[in-house]
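Naming convention: chains lettered A, B, ... in sequence-line order (proteins, then strands); numbering from 1 in each chain.
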There are 2 protein chains.
Amino acid sequence: MEERAANISKEMTLLKERMHQHQYKSTPQRDEIADWVFRTHEHFTVEELIASFREKGKKVSQATAYRVIQMLLDLKLIEEHDFGKDYKFYEHTPGHDHHDHIVCMDCGKIIEFADSSLETLKEKITLKNGFRMKKHHLTIYAECTTCPPEKRVLTRRET
Amino acid sequence: MEERAANISKEMTLLKERMHQHQYKSTPQRDEIADWVFRTHEHFTVEELIASFREKGKKVSQATAYRVIQMLLDLKLIEEHDFGKDYKFYEHTPGHDHHDHIVCMDCGKIIEFADSSLETLKEKITLKNGFRMKKHHLTIYAECTTCPPEKRVLTRRET
DNA sequence: GTATGTGCAAAACGTTTGCAAGTTC
DNA sequence: GAACTTGCAAACGTTTTGCACATAC
């Protein structure tokens, strides 16, 4: 929607680098899907990705969509989330540090937060239990006290 | 396996009360599945539940197993977890306070922990963001520093 | 006796895969 | 041109459902 060409370029450059490192060939489908992913500042599902292309009149086969998502996961350019729905949510990682999520049980709104004391505590607890932490997902299911004055159902970040 | 009749009775009594409150009829299938669930002190899948009955020579149809699990969720006697596998894990709640999980990425071991400062912090963060917390799942994916000297793959609690 | 629960087999769901044709390097 | 990627349709594994029969209250 908005003009953010410079920013996208940086992410696309990163994509190219990592694809090359991991010996993935460059194809129009991969580029277009990755570009959409980097431009999308909400948590999205593969179904939404496919629908978005269909609306624009572009064709992406389901198989390719899922395969490119797998590639982006492998390249650590996106993260996968399970918010208790029957499908998975994804979000791109370049330019975004670790954060956790609050999911509104009424309107489905997803908000992100980062808290350093929380991260310290997670690390401490993991070590105390004899583990080395690799990744961690905290999801808080809640009700927004102001729900539903706003219609935005997927809200990711302010940018 | 062990004798814990007194304990089970208490949980089965709770089951009967809640089934009555919610107008669920009492059936042998429901009782037997609930009994198994209360006796199972690991995180289990529906597939494991069915297999366990099959091994004992008892028959539980898949449809009934899934339906009873839905009932137990409705009665808030079990909790559902997604640990990144393609099937869901369940655990019974009576007698167990809220806790979070550490999943070993090497051996699959699942351990539980409870930390009051963590709970306080979650609550504080949720409020600060304008939400009322309903439920919350923190899962830490890690490697056990002592993995794998022990063979236990599913370890839930010490009882 | 009526509403509800069960079991079977079939459907549904999101996701993955085999394969022939097309593309990249 | 050898290896990889695509698209289709079919397969997948888990979970749900339609329906006829059985059971609970």
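Closest to the side chain of A:Ala63, out of C:dT17, D:dT6, D:dA24, is C:dT17. Comparing D:dC25, C:dC25, D:dT15 by their nearest atom to the side chain of A:Ser26 picks out C:dC25. Listed nucleotides: C:dG7, D:dT14, C:dG5. Nearest to the side chain of B:Thr27: C:dG5. Side-chain proximity of A:Arg67 to C:dT6, D:dC8, C:dT24: nearest is D:dC8.
Heavy-atom neighbours of A:Lys56 NZ from other residues, nucleotides or ligands within 6.0 Å: above the threshold of 12. In the displayed structure, A:Lys16 atom NZ is contacted under 6.0 Å by more than 12 heavy atoms of other residues, nucleotides or ligands. Heavy atoms of other residues, nucleotides or ligands lying less than 6.0 angstrom from CD of B:Gln21 number more than 12.
Using a 30° and 60° split on the angle between ring planes, B:His81 and B:His99 fall in the tilted class, from 30° to 60°. Ring planes of B:His96 and B:His92: tilted class, angle from 30 to 60°.
Nearest-nucleotide positions on DNA chain C place B:Gln29 closer to the 5' end than the other of A:Asp86 and B:Gln29. The 5' end of DNA chain C is approached more closely, in terms of each residue's nearest nucleotide, by B:Ser61 than by the other of B:Ser61 and A:Gln70.
Distances shorter than 4.0 Å separate some side-chain N or O of B:Tyr66 from OP1 or OP2 on D:dT15.
In this entry the distance linking CE of A:Met71 with P of C:dT16 reads 15 Å, nearest Å. The separation between B:Lys85 atom NZ and D:dT15 atom P is 13 Å, rounded to whole Å. In this structure, A:Met19 atom CE and C:dC25 atom C1' are separated by 12 Å, rounded to whole Å. Atom P of nucleotide D:dT6 and atom CD1 of A:Ile50 are separated by 13 Å, given to the nearest angstrom. Atoms CG (B:Asp82) and P (D:dT15) sit 10 Å apart, rounded to a whole Å. Between the CD atom of A:Glu32 and the P atom of D:dT6 there is a distance of 11 Å, rounded to whole Å. Computed from coordinates, the A:Lys58 NZ to D:dT6 C1' distance equals 17 Å when rounded to whole Å. The CD atom of B:Glu48 sits 11 Å away from the P atom of D:dT15 (whole-angstrom rounding).
Nucleic acid contact for B:Arg30: sugar-phosphate only, since backbone atoms but no base atoms lie under 4.0 Å from a heavy atom of the residue. B:Lys59 comes within 4.0 angstrom of nothing in the nucleic acid, heavy atoms only. Contacts of A:Gln62 with the nucleic acid, taken as non-hydrogen atoms under 4.0 Å apart, include base atoms.
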For the pair A:His98 and A:Asp100, evaluate side-chain contact (heavy atoms from CB on, under 4.5 Å) and give the outcome as yes or no after the intermediate values. CA-CA 7 Å; A:His98 175 81; A:Asp100 291 302; 3.4 Å; yes
Run the side-chain contact (heavy atoms from CB on, under 4.5 Å) check on A:Lys88 and A:Val46 step by step: do they pass? CA-CA 8 Å; A:Lys88 286 168 182 155; A:Val46 176; over 6 Å; no
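A:His101 pairs with exactly one of A:Phe89, A:Phe83, A:Phe113, A:Tyr141 by the ring-ring contact (aromatic ring centres under 6.0 Å, His included) rule, that one being A:Phe83.
Helical stems involving DNA chain C, defined as 3 or more consecutive Watson-Crick or G-U pairs under 3.5 Å, span C:1-25 with D:1-25.
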